[in-house]
Amino acid sequence: MSRCAVVAAVLAALPAACGSGGAGDASADAQPPADQQIAPAADWVLAVQPDAPPAGALPATLLGHYDLSGALYNYAGNTTLIDRMKAIGFAEWRVGLGRWEMTTRLLPTLADGHATSCATQLAALPAQAQAPAGATDDSLITDRDWFTDNGQPVTPTDLASDARYKLDYVRGVLDTAAAFGATPFVDIDHMPRALGVSRTFVRAGMPAGVADPCLATWTNHVSNTRPADPNVFATAVVGAVRRIVEGSPGAAPRDARYWEIWNEPELGYAWDPSFEQPPGSLDAYFATAVTALTQLAAYRAGSANPHVTGLRFGLGSFAYATTAVTALHALDTNPLPDGTFAPIDFVSFHAYSNDPQVIVDAIQQVVTARAGSTHYRGIELALSEWGPDLTNAPAPTTMDTPLLVATVLARGAALGLEHAHHSLFYAFVPGLPYAAVAADGSPLPLYHAYELLHDLIGTGADRLAIAGAPDGALDGGTGAVVASHAAGGPVRVLVVNRGTAARTARVDAGGATATPSRVDVFDDPAAPPHPIAPSAVVSVPAHAIVLITL
């Protein structure tokens, strides 16, 4: 006999003095108090306390993306794409100050001393991926450098001159982000020729990080090198940031709060190791980054402009979480010559895998390093590039990538991650396997995962502790969960089931089992999420994402 049957039998046997059970006797329909009711069974019992202090924040910046800066492909003119991304709460866009993006402005031959043809690679790409007719490495870098070159050493007078800063490209990038309603997260990732240690273009067999030099004209032995003088570079960086956020003659101020120093310096395609001192180390990178961060912090401290005082500066964007961990430890234990420590507001890193646990483990490593530091416990963490394995991504028509993304964001939020920029959001080249929006503007399955995530987070919400899953993991990580509560709004619980068997879930709110007001299920990659009839026990299909609204 079940527990429910036992309780029913006991109630039926109560003496008549407790109520005759006749017509008009209210005690016949009486139920035991809520704390004595038998809660329905469920595989996953998720207990939250909506009135308790939140366990943390669910910032909208978890709904960020990394993509082409968009200026070269006229994303700002793609109204369908803009509308699609706004609808899923596109909050933050990681863009570049001047880096040559992959598959943009590609040249027909390599600068390898043999003019090796790139015709085969270019034939597979749309015409807009190619450089203008007659373009060369020299003309492209002249068009793209954010600090102009006159062939002479850069002087303090040059650094103070508005005329030496060429910021049209990055302003166009920021305007594109604004058109999408996204806040930019800017990567300072392109070395102007006037500031770099090398002036000779070489695009041949590249160091680790790029398999084909035909697809990255900015990996040219000039744009991806260390500066000739870190102090001069740092002063130029401050000059560029100041002119962008405060404006300059003929150019209005732009909203750009977050600035990071470089992209994947561990990989030779982005930071040429042959110019390191000693070669192959990252000593020059860290000297460059710390010098720039120190000057940027001084600029911020010396300003009363609210657009400046709110700026945030960090380093990365490391290809590996392990580099971020090592960097935090080194900077935390090695003071600068004046006895202070490198001023860092955030650290950024990347993680790619078809296994969400691998990405969660990467986040955990950096979270642990932050918590164990003395001087950097209050910094923010940015998973500034992430997603499925870029060389072996799942087919975009399956549930694999939506499940990956929902799992990582649910688990990452529980760990305290503040920023996440998934790669990529638009299939600007048809067939890209990891996009949210197809080349024709139609939503791909990943898009629908972000629909539910946006419903969960909105423009920002509190994260509620979940007694049944404090780290966001269910079934040893096969499942995942995160709960939100925005001011004046309902409690929402996002549940992910990557397993091959269906599960049931029950939400207990404030000590009592709750019946949802709405339940949305996404389990068919060929269709958007659909509502099901709410009940106290929610069925969570295999390979599904479910949003429960109380």
- request: For the pair D43 (side chain) and T504 (backbone), establish whether a donor and an acceptor sit closer than 3.5 Å, ignoring hydrogens and angles.
  value: yes
query: Going through the distances and angles, do H65 and F90 end up as a ring pair (Phe, Tyr, Trp, His ring centres under 6.0 Å)?
result: CA-CA 7 Å; H65 294 269; F90 185 11; 5.3 Å; yes
- request: Over all heavy atoms of both residues, which pair between V481 and A469 is shortest? Give the atoms and the distance, please.
  value: CG1-CB, 3.6 Å
message: So which atom in E246 and which in P253 form the shortest heavy-atom distance, rounded to 0.1 Å?
response: O-CG, 3.4 Å
Nearest heavy atoms of A87 and H454, plus distance in Å: O-CD2, 3.4 Å
- prompt: Is it true that the NZ or CZ of R312 lies under 6.0 Å from the centre of F346's six-membered ring and within 45 degrees of the ring axis?
  reply: no
Heavy-atom neighbours of H329 NE2 exceed 12 at 6.0 Å: no
- prompt: Between I82 and A179, which heavy-atom pair has the shortest distance, and what is it?
  reply: CG2-O, 3.5 Å
- prompt: Where do V405 and L446 land on the side-chain contact (heavy atoms from CB on, under 4.5 Å) test, with the steps shown first?
  reply: CA-CA 8 Å; V405 166; L446 177 59; 3.5 Å; yes
task: Give the intermediate values and the outcome of salt bridge (charged side-chain N to carboxylate O under 4.0 Å, His left out) for residues R257 and D255.
output: CA-CA 6 Å; R257 187 181 181 204; D255 177 25; over 6 Å; no
- prompt: Can E418 and R370 be counted as an ion pair, charged N to O under 4.0 angstrom?
  reply: yes
- prompt: Are K166 and D168 ion-paired here, with the side-chain N under 4.0 Å from a carboxylate O?
  reply: no
task: Over 60° means perpendicular and under 30° means parallel, so classify the ring planes of Y73 and F428, tilted if in between.
output: perpendicular
- prompt: Heavy-atom distance under 4.5 Å between the side chains of V408 and P356, does that happen here?
  reply: yes
message: If you define the side chain from C-beta out and look only at heavy atoms, does anything of L547 sit under 4.5 Å from R492?
response: yes
message: Parallel, tilted or perpendicular: which one describes the rings of F180 and Y75, with boundaries at 30° and 60°?
response: tilted
field: Ion pair check, D175 and R254, cut-off under 4.0 Å
entry: yes
Aromatic ring proximity, centroids under 6.0 angstrom, H190 and W146: no
task: Would you please classify the geometry between the F318 ring and the F286 ring as parallel, tilted or perpendicular, with 30° and 60° separating the classes?
output: tilted
task: State, yes or no, whether a side-chain contact exists between L167 and I244 at a heavy-atom distance under 4.5 Å.
output: yes
statement: Tightest non-hydrogen contact, residues A420 and L417, listed as CB-CD2, 4.1 Å
- prompt: Does R300 come within less than 4.0 Å of D345, counting only side-chain N to carboxylate O?
  reply: yes
message: In the structure I gave you, are the side-chain heavy atoms of V437 and Y447 within less than 4.5 Å of one another anywhere?
response: yes
task: Using the six-membered ring wherever Trp is involved, compare the ring planes of Y258 and F185 and label them parallel, tilted or perpendicular (cut-offs 30° and 60°).
output: parallel
- prompt: Would you say L494 and L409 make side-chain contact, with heavy atoms under 4.5 Å?
  reply: no
message: Return the CD1 to CG distance between I457 and D462, rounded to the nearest 0.5 Å.
response: 12.0 Å
query: Under 30°, 30 to 60°, or over 60°: which ring-plane class applies to H375 and F341, parallel, tilted or perpendicular?
result: parallel
- request: Could you tell me if the ring centre of W93 sits under 6.0 Å from that of F425?
  value: yes
message: With a 4.5 Å cut-off on side-chain heavy atoms, are F349 and Y320 touching?
response: no
task: Begin with the C-alpha distance, continue with both residues' side-chain angles, and end with the deciding distance and a verdict on side-chain hydrogen bond (donor to acceptor under 3.5 Å, both in side chains) for E264 and H350.
output: CA-CA 8 Å; E264 300 191 332; H350 304 167; 2.7 Å; yes
